[in-house]
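Any value given below was found using the heavy atoms of this structure, including those in side chains, with hydrogens, waters and symmetry copies removed. Naming: A, B, ... by sequence-line order, numbering from 1 per chain.
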Protein chains: 2
Amino acid sequence: MSFADTFKALSDSARREILQLLKDGKMSAGEIGSHFDMTGATISYHLKILKNADLVWETKVKNYVYYELNTSVVEEILLWLTELTGEKK
Amino acid sequence: MSFADTFKALSDSARREILQLLKDGKMSAGEIGSHFDMTGATISYHLKILKNADLVWETKVKNYVYYELNTSVVEEILLWLTELTGEKK
DNA sequence: CATCTATTTAGACTTTTTTCTAAATAGATG
DNA sequence: CATCTATTTAGAAAAAAGTCTAAATAGATG
């Protein structure tokens with residue numbers, strides 16, 4: 001959604017770890033959860049935040065929900081940060 | 001300080017705006033505050049968070065405290081995000 | 001179709017974050 | 001040196017975020 005949502009989503013370490021996991025490709029919610037010491041409900045909560053921030057896609061196959069990294073929003077943040085770094089008056 | 005602190009610091013819109021202001025160069029705490037509808041105490045709180053995240057430097061001159069952007073930490077985040085984008089297996 | 005499996009939703013609880021007012025500090029200046 | 005100006009600190013209050021358990025949903029399968 002908004003720029004603020006994206007940064008907010010990135011501010012939590014569990015969510016950043018999830019994104020790192022997804023670097024290697026699609027993963028189901030359960031598979032993601034197995035990497036953390038948290039309930040499925042909590043993982044679901046984090047996935048929803050990542051999804052609302054457009055940082056991940058989801059695709060449903062059978063009774064699994066697969067999550068995948070969406071790099072296009074990451075690119076936008078990269079741009080913001082790059083502009084912060086460069087162009088000093 | 002830590003990577004998490006940096007992302008946390010960036011997750012607040014007021015703090016991101018402060019960083020944008022500092023793109024144009026050093027600015028005193030009061031000057032920064034004048035751009036926001038917040039008390040000086042609240043601005044001071046945000047500046048402390050940015051400082052703890054090493055996103056800004058401070059220098060004291062007379063009874064003013066000047067803040068300045070520290071881009072080196074931004075570079076580290078840029079790297080993290082770039083690695084997230086590239087290197088897909 | 002009864003039920004098993006994967007995931008999400010609802011609601012409660014705790015912790016963290018953001019903000020304020022009031023007081024404290026620290027340097028500058030009449 | 002009394003006090004004014006700039007900023008920070010302390011403490012309180014409110015809002016937001018993260019987590020859990022229990023229940024709901026939704027598809028798969030015997």
What's the [atom1]-[atom2] distance between [X] and [N], to the nearest Å?
X: B/I43; N: C/dT17; atom1: CD1; atom2: P; result: 18 Å
X: A/R15; N: D/dT19; atom1: CZ; atom2: C1'; result: 12 Å
X: B/F7; N: C/dT17; atom1: CZ; atom2: P; result: 16 Å
X: A/K62; N: D/dA28; atom1: NZ; atom2: P; result: 7 Å
X: B/Y45; N: D/dA12; atom1: OH; atom2: C1'; result: 14 Å
X: A/H46; N: C/dT7; atom1: NE2; atom2: P; result: 16 Å
X: A/N52; N: C/dT8; atom1: CG; atom2: C1'; result: 13 Å
X: A/L47; N: C/dT9; atom1: CG; atom2: P; result: 11 Å

Inset, instruction - Would you check if the side chain of A/T82 reaches a backbone N or O of A/L78 as a donor-acceptor pair within less than 3.5 Å? - result: yes
Legend entry - Side-chain donor/acceptor of A/N70 to backbone N/O of A/D54, under 3.5 Å: yes
Under a 3.5 Å cut-off for both distances, is [N] Watson-Crick or wobble paired, and to whom?
N: C/dG30; result: D/dC1
N: D/dG18; result: C/dC13
N: C/dA6; result: D/dT25

Counting side-chain heavy atoms from CB outward, which of [options] is closest to [X]?
X: A/T39; options: D/dT8, C/dT8, D/dT21; answer: D/dT21
X: A/E58; options: D/dG18, C/dT8, C/dT18; answer: C/dT8
X: A/Y64; options: C/dT18, D/dT8, C/dT7; answer: C/dT7
X: B/K48; options: C/dT8, D/dG18, D/dT9; answer: D/dT9
X: A/A41; options: D/dT9, C/dT7, D/dC20; answer: D/dC20

Legend entry - Atom pair CG/CE of A/L21 and A/M27 - distance to nearest 0.5 Å: 5.0 Å
Legend entry - Spacing of A/L47 atom CG and A/I18 atom CD1 [to the nearest 0.5 Å]: 5.0 Å
Legend entry - Any B/T42 side-chain nitrogen or oxygen under 4.0 Å from OP1 or OP2 of C/dC20: yes
Inset, instruction - Respond yes when some side-chain nitrogen or oxygen of A/S28 is under 4.0 Å from OP1 or OP2 of C/dT7, and no when none is. - result: yes
Give one of base, sugar-phosphate or nothing for [X], where a contact means two heavy atoms less than 4.0 Å apart.
X: B/K60; answer: nothing
X: B/F36; answer: nothing
X: A/Y67; answer: sugar-phosphate

Legend entry - Side-chain-base donor-acceptor pair under 3.5 Å for B/N63 and D/dT7: no
Inset, instruction - Tell me which of A/V61 and B/G40 sits closer to the 5' end of DNA chain D, going by the nucleotide each one is nearest to. - result: B/G40
Legend entry - B/R15/B/E17 ion pair, N-O < 4.0 Å: no
Inset, instruction - Taking the six-membered ring for Trp and the single ring otherwise, decide whether the centroids of A/F7 and A/W80 are under 6.0 Å apart. - result: yes
